[in-house]
Protein chains: 2
Amino acid sequence: MKHKNPTGTVLYTIEQAIKEYRKVCQKNIQKIVSDITVDQCLVLIILNENSKISQIEMAKLIFKDNASVTRIIELMVKKDYLSREINELDKRKSKLVITEKGQKTIGLLTPIFKLNRKTALDGLAIDEIELLDKLLHKIISNCKTA
Amino acid sequence: MKHKNPTGTVLYTIEQAIKEYRKVCQKNIQKIVSDITVDQCLVLIILNENSKISQIEMAKLIFKDNASVTRIIELMVKKDYLSREINELDKRKSKLVITEKGQKTIGLLTPIFKLNRKTALDGLAIDEIELLDKLLHKIISNCKTA
DNA sequence: TTGAATTACTTGATATATCAAATATAATTA
DNA sequence: TAATTATATTTGATATATCAAGTAATTCAA
């Protein structure tokens, strides 16, 4: 089983891994909810954990540009997963609120997220996963300080 | 040093790693050549290794949709990195040829690619990199067969 | 307390991602 | 060979990515 890797580095493999994982996620998600993307799910999960998060913080957490977040949220509002309210404490910020449909969707998709992770990590031992995480964090830190 | 990870899985870390790596790459590339992207560089590298590659094969290698490849190549032709010629053996396919400017760019950027990889993988031992690659390929294979 | 700087977000422009449909050529089959 | 099927690429529509510039609210400093 040959792995074609045009750059010959593990960095290409990292890219490949995340692309394949995203494909699986999207496929499984769409079996249950047809009009939502992986990233939009991530937005819901994050908001569900921390309802007071700002768009800028959200952007950092999902590795996206602020402008992208603005537009992703616009679409999620349009599709009635979120509503935007005014943050009275700081009117620059917008308060993002998960709608009932959003909540229902989280409920529907939570088992899917678990399945996705389990699928991807099947056969990896806990210590292998920890090691993987450690090595990746080393790469992240190398890149950040570069 | 806390790692915020909203999903609590290594899959998020994979995403983070590749995003940070791409940022470094883009930054270093743009110091030398201002109007080219990481992916366009990858196209040049791949074509330089194998000039007979089709767009579909290219799409697979750089993990993109065929339509994206069409448009990326259009732009690269417009910027005079590539030229499109007719493949007389199969007129459906297009023959992609690296221009003189493209060749010069490859020469300029080759040391940058090496630097990028070295930067990202700094401090990782060979066997760690191999292990990383192995674990990632396990994930890839899990996702592909899912 | 006012003016300057900062912050949060939006908007515009362009590139890219993705899917579906369209086009053109090639290969296969009845 | 004519009709069908398959392949390679393109195009259209919409979403997202990215940068720069713009807007509005907040904070800071003289």
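Numbers restart at 1 for each chain; the letters A, B, ... are given by sequence-line order, proteins then strands. Given the structure is predicted, the values throughout are model-derived calculations rather than measurements.
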Problem - Between P of D:dA17 and CE of A:M58, the distance in whole Å - result: 14 Å

Problem - Carboxylate-amine/guanidinium proximity below 4.0 Å for A:K23 and A:E20 - result: yes

Problem - A:R22 and A:D39 ion-paired at < 4.0 Å - result: yes

Problem - Exercise: do A:Q40 and A:K79 side chains pair donor with acceptor under 3.5 Å - result: yes

Practice task
Let me know, please, whether B:I53 or B:Q26 comes out on the 5' side of the other along DNA chain D by nearest nucleotide.
Solution key: B:I53

Fill in the blank from the handout: B:D65 atom CG is separated from D:dT16 atom P, nearest whole Å, by 16 Å

Practice task
Under 4.0 Å from any atom of DNA chain C, heavy atoms only: list the residues of residues 68-101 of chain B that qualify, in numerical order.
Solution key: B:S68, B:R71, B:I72, B:L75, B:D90, B:K91, B:R92

Handout entry: B:Y12 and A:F63 aromatic centres sub-6.0 Å
Key = yes

Exercise for the section: Give A:Q40 one of three labels, base, sugar-phosphate or nothing, depending on what nucleic acid heavy atoms sit under 4.0 Å from its own. Expected result: sugar-phosphate

Handout entry: Donor on one side chain, acceptor on other, A:E85 and A:S94, under 3.5 Å
Key = no

Exercise for the section: Enter the distance from B:I18:CD1 to A:L136:CG here, rounded to the nearest 0.5 Å. Expected result: 9.5 Å

Exercise for the section: Starting from P on D:dT18, measure out to CD on B:Q30 and report it in whole angstrom. Expected result: 12 Å

Handout entry: Nearest-angstrom distance from the residue atom NZ of B:K64 to C1' of C:dC19
Key = 16 Å

Practice task
Provide, to the nearest angstrom, the distance between the NZ atom belonging to A:K60 and the P atom belonging to D:dT18.
Solution key: 16 Å

